[in-house]
Amino acid sequence: MSEWKYISKMVVRRTGFPFELLYRIAFDKSAAHIDKQLETEEQLQREIGVLLSERFTEQVKISQAKQARQELKLLSKYRRKVAKGQVSLQDLEHVRLYWPNTPFYEQFAKVVALAEEVRKLHREGEAILAEELVHKRRDLQKLVGDPFFAEAVFISNPDVYEYSYLKYIAHDEFEKRTTRLKMLEKRFIAYLQRFAAKNDTASFFGPMNYARFDLEQTEPVKLDMVSGKFTKRAVFYSFWMTIVLADAISKEPSIRPYLAPRLHPLCTLTEDGVEYLFIDGRRKLPAHLLRLLRDVDGTTTARELANRYDMPVEQLIQQIELLVKQRMILFGIEIPSTIFGPFDYLHEFVRALPDHVEAKAKWAAELDQFEQLRAAFEGGTFEQRVAISKRMEERFVELTRHATRRLAGKTYADRTLYYEECKGTIRNLSFNKAFLDDFHSRIEPILELIASYGEMMRGYYQRIGKQVFREIAQGQSEIPYAHFIRRVQEMEEQGKINYDDEIFNEFHRKLYAVVKANQEGNIVRLTQEDLAELIAHDAGGSLHTSPDLMFAARDVEALARGDYQIVLGEVHQFVSMWGSQFLFDSDREAVEQEIEQVIQELPAYQKLSTILNTRRHKGLLYEAFPGTLIQFLGKPSDRAKHVVPLRDLVVRIEQDELVLADRHSNRTFTIYNSGDDNLHLWAFAVPRVASIPIDFGQHTPRIEINGVVYQRERWVLPSREFIGTDPDTSDYDLFLAMRRAKRRHQLPRWVFVRVENEKKPYYFDFDSFFLIELLHGHLKTNDQVTMTEMYPGPEHLWMRDEDGSYCIELRGTAFRPPLPGSREYEATREELGMNI
């Protein structure tokens with residue numbers, strides 16, 4: 001088999017706060033006491049079983065033989081009470097009067113003693129929890145009071161900082177817990193678990209770090225860290241904020257002549273007008289407007305067009321605005337979706353306007369001020385940042401009349417005028433060739449499996465896509481790509497696409513069969529030989545994949561000597577080095593060149609393209625993308641290597657392959673799809689090299705391939721398994737119910753939980769009452785919960801500094817050239833007329 005080529009650099013995603021903070025919100029005493037009560041309850045149930053199945057039966061037979069009707073009546077009464085666990089010392093005294101010194105009485109006494117012990121433990125537990133809750137509430141406030149925590153909350157969500165955080169920190173009421181304080185504690189528990197247990201890429205609570213393969217170094221692993229939270233910080237105005245400012249600037253009458261209109265991406269020109277791409281509609285236009293539509297190109301300004309037509313610019317702008325209203329033209333300052341600094345682009349656009357433009361001085365000054373505020377914010381103290389942020393927002397509202405914050409109440413979806421990125425404290429993390437070889441030997445069977453899956457999925461999407469194309473085309477040799485997209489979406493909504501496919505189904509049947517056959521308890525262990533039939537689907541073509549990887553090791557020394565286990569996280573279709581996460585990497589350009597060189601060895605990637613849509617937030621740095629940008633709603637920068645409008649693309653079948661082609665040049669494209677799960681993308685994409693989800697319903701065991709954790713153990717349980725129907729459940733009973741469910745389903749202490757109405761998983765510790773309360777709130781509004789084991793667990797967090805240990809994952813990219821004997825390999829060799 002051909003070797004995968006690992007790109008030399010990786011992104012290291014880690015938490016900004018040490019995991020040990022989460023130990024401080026664990027209720028050790030209460031959890032230990034509850035376990036003692038649950039063990040006693042289980043012992044009680046065993047003794048009840050003996051009493052009901054053996055001793056009652058014996059005693060009933062004796063009483064029946066004596067025809068003692070009163071005894072039989074009492075036995076029936078006590079059977080019901082015993083079954084409910086409601087017997088008491090008074091009941092025992094009554095039983096002793098009737099059946100002293102009998103096996104029945106002795107067993108009944110055991111049950112009563114245990115029932116009394118359970119009730120005693122329950123009373124004690126309530127007192128222990130009440131006392132521990134007071135101490136833990138103090139501890140939580142101390143944790144939250146850390147200045148870095150305060151700043152992390154402020155950066156994540158200024159609304160929470162202003163309206164919740166300051167009030168919470170100021171309170172000194174710990175003996176009494178009001179509803180308001182309980183709500184605040186739950187909110188900051190949510191942030192604490194995010195900052196200390198969830199790998200992020202945001203500010204210093206999700207700092208950017210990098211690792212590399214250094215094939216020349218002698219040590220298997222090198223790790224060099226500095227103290228602190230970060231080594232560099234950078235603040236950027238968000239894309240949406242820049243767009244709002246650009247829109248306001250575009251409305252200035254003196255600036256509009258210097259804007260360059262372009263044909264709206266949702267329509268295309270016809271001989272006598274326009275046709276809308278995604279709705280039924282053709283519009284005929286008079287000759288002067290049709291001429292205008294043919295001449296707008298996104299680079300020629302309205303002023304230049306007016307000069308060309310020898311007409312007043314005001315008159316031409318009226319024509320443009322008429323077409324804007326009919327969604328035929330875009331006319332404004334368009335910020336490229338492919339650049340990292342959108343605000344810088346806008347700033348430079350205004351600076352480049354001629355000095356005689358009336359509005360230039362005003363907006364240049366305003367943008368200068370925003371830049372000064374950004375720089376002051378970037379270098380300011382926390383207190384200064386709070387004040388500067390307020391000035392930013394006030395000025396933004398005055399200029400645009402637009403809200404400054406979005407999705408303010410959500411933990412993971414907050415968006416402000418700006419965002420911050422920080423370079424982390426890892427000065428060097430590198431692995432040598434011996435480590436890489438060992439790592440590759442362990443993970444190679446998984447790469448082979450997901451490569452085979454990717455090839456199978458490519459064929460699957462092609463087969464479905466061809467069926468759909470033939471139905472849409474109705475005998476036509478080709479159809480516009482936009483029409484294909486629209487009809488696929490309509491057919492999806494109507495349920496008219498048949499996704500049933502025998503090759504797809506057989507692949508998954510074989511996979512599930514081999515997993516089931518190798519299950520031992522809670523773990524499935526597979527070898528490369530077990531996967532032989534599945535790997536046979538691999539057609540040997542060019543591939544890439546970007547897995548998230550974790551190493552479970554006691555410490556860095558254990559990692560270096562090979563005493564570790566690889567844990568596979570998400571497997572992505574994107575190339576991480578083309579994204580914003582490589583912002584701080586000093587070798588980024590060299591890494592981009594390394595990728596381009598590797599791609600040159602992949603014949604299928606010579607047609608690589610990606611659809612350029614409107615940027616949402618940080619975006620991908622498409623500047624590094626080596627292929628064609630299919631321009632849609634987004635705008636490419638001047639650095640784009642090749643651009644083709646989506647409106648110019650057609651779909652057709654060539655040599656039994658569904659292809660995407662430029663109707664003018666006949667050049668075909670292969671889509672680099674890193675996100676949306678849509679047929680109209682994957683039918684033309686490079687193979688979808690991703691992990692195959694395996695789901696056995698309520699409980700799916702951990703799945704290991706060649707010793708690598710391919711998928712962590714998972715439970716999908718109804719919410720009623722953890723919460724009762726009583727709205728007045730006490731704190732202790734809630735804690736008890738959660739731990740009872742934990743024992744019943746043999747759940748580990750640490751898991752990540754996911755519910756439908758939350759964007760991301762939450763860290764959860766069954767020993768923490770605070771986290772139990774947080775989960776309880778979600779369970780009340782969701783029918784089920786998914787729990788996944790936390791692995792690596794706390795004892796396997798090998799990256800440590802003076803503050804503690806950190807959750808960490810490495811995100812890299814690997815490419816595979818076509819394998820000898822594959823169709824792609826042989827076709828390339830034939831094309832070159834030589835061996836490759």
Side-chain angles (χ1 to χ4, degrees), residues 240 243-244 246-338 346 349 478-490 611-615 629-637 640 643-651 662-665 680:
W240 75 264
I243 291 295
V244 172
D247 185 58
I249 296 170
S250 298
K251 288 182 170 61
E252 293 283 357
S254 64
I255 291 178
R256 290 182 79 68
Y258 297 90
L259 304 180
R262 72 174 170 108
L263 185 64
H264 199 293
L266 295 179
C267 63
T268 188
L269 289 174
T270 63
E271 289 184 0
D272 56 2
V274 299
E275 179 180 4
Y276 293 102
L277 297 184
F278 293 102
I279 59 174
D280 291 323
R282 297 173 69 96
R283 296 287 302 275
K284 289 186 177 181
L285 292 172
H288 67 288
L289 293 182
L290 189 56
R291 177 188 64 174
L292 176 59
L293 279 175
R294 287 174 177 161
D295 287 345
V296 296
D297 56 11
T299 59
T300 307
T301 66
R303 183 170 175 272
E304 291 167 337
L305 287 169
N307 290 336
R308 182 186 301 175
Y309 301 153
D310 193 22
M311 69 165 59
V313 68
E314 293 80 12
Q315 181 182 344
L316 179 68
I317 288 176
Q318 287 179 355
Q319 294 179 8
I320 291 173
E321 289 175 342
L322 174 66
L323 296 176
V324 168
K325 289 179 182 178
Q326 297 181 54
R327 296 175 67 85
M328 296 180 188
I329 277 181
L330 291 179
F331 188 52
I333 304 173
E334 287 194 83
I335 311 295
S337 295
T338 61
L346 178 63
F349 177 90
E478 66 180 33
I479 58 175
Y481 184 41
H483 181 58
F484 182 78
I485 295 172
R486 175 189 166 194
R487 289 290 292 120
V488 165
Q489 291 174 337
E490 289 174 351
I611 295 178
L612 186 60
N613 215 324
T614 303
R615 180 167 156 187
L629 295 179
I630 298 173
Q631 186 174 5
F632 187 41
L633 297 177
K635 177 184 176 179
S637 76
V643 180
V644 59
L646 184 139
R647 67 171 69 87
D648 287 348
L649 299 183
V650 294
V651 178
D662 182 342
R663 62 188 173 95
H664 299 298
S665 68
H680 66 259

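What you see is a predicted model; the values in this text were computed from it and never measured.
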Tell me whether R327 at atom CZ has more than 12 heavy atoms from other residues, nucleotides or ligands lying less than 6.0 Å away. no

Of L323, L330, L305, the one forming a side-chain contact (heavy atoms from CB on, under 4.5 Å) with P261 is L305

E304 side chain vs T301 backbone, donor-acceptor pair below 3.5 Å: yes

Quick check against the 3.5 Å criterion: does T300 have a side-chain atom that pairs as donor or acceptor with the backbone of V296? no

Answer yes or no: is there an ion pair linking E334 with R262, defined by an N-O contact shorter than 4.0 Å? yes

Rounded to the nearest 0.5 Å, the NZ atom of K284 sits from the CG atom of L289 at a distance of 15.0 Å

Hey, are the side chains of Y481 and H680 touching, using non-hydrogen atoms and a 4.5 Å cut-off? yes

Rounded to the nearest 0.5 Å, how far does CD of Q489 lie from CZ of F484? 10.5 Å

Going through the checks in order, is the side chain to side chain contact (heavy atoms under 4.5 Å, CB included) test met by F349 and L259? CA-CA 10 Å; F349 177 90; L259 304 180; 3.8 Å; yes

Say you draw a straight line from CG of L316 to CZ of R256; how long is it, rounded to the nearest 0.5 Å? 11.5 Å

To the nearest 0.5 Å, tell me how far L292 CG sits from H288 NE2. 8.5 Å

Partners passing side-chain hydrogen bond (donor to acceptor under 3.5 Å, both in side chains) against Q326 (at least two apart in sequence or in another chain): R283

Are any non-hydrogen side-chain atoms of R487 and I479 less than 4.5 angstrom apart? no

State whether the side chain of S637 and the backbone N or O of T338 hold a donor-acceptor pair below 3.5 Å, judged by distance alone. no

Between E490 and R486, does at least one N-O distance fall below 4.0 Å, as a salt bridge requires? yes

Evaluate the side chain to side chain contact (heavy atoms under 4.5 Å, CB included) criterion for residues L612 and V643: first the C-alpha distance (whole Å), next the side-chain angles of each, then the deciding distance (0.1 Å), finally the verdict. CA-CA 10 Å; L612 186 60; V643 180; over 6 Å; no

Would D295 and Y309 satisfy side chain to side chain contact (heavy atoms under 4.5 Å, CB included), going step by step from the backbone distance to the final call? CA-CA 11 Å; D295 287 345; Y309 301 153; 2.5 Å; yes

Any chance you could lay out the side chain to side chain contact (heavy atoms under 4.5 Å, CB included) test for I317 and E321, step after step, and finish with the verdict? CA-CA 6 Å; I317 288 176; E321 289 175 342; 3.6 Å; yes

So do the side chains of T268 and Y276 get within less than 4.5 Å of each other, counting heavy atoms only? no

Rounded distance (nearest 0.5 Å) linking atom CD of Q631 with atom CD1 of I611: 12.0 Å

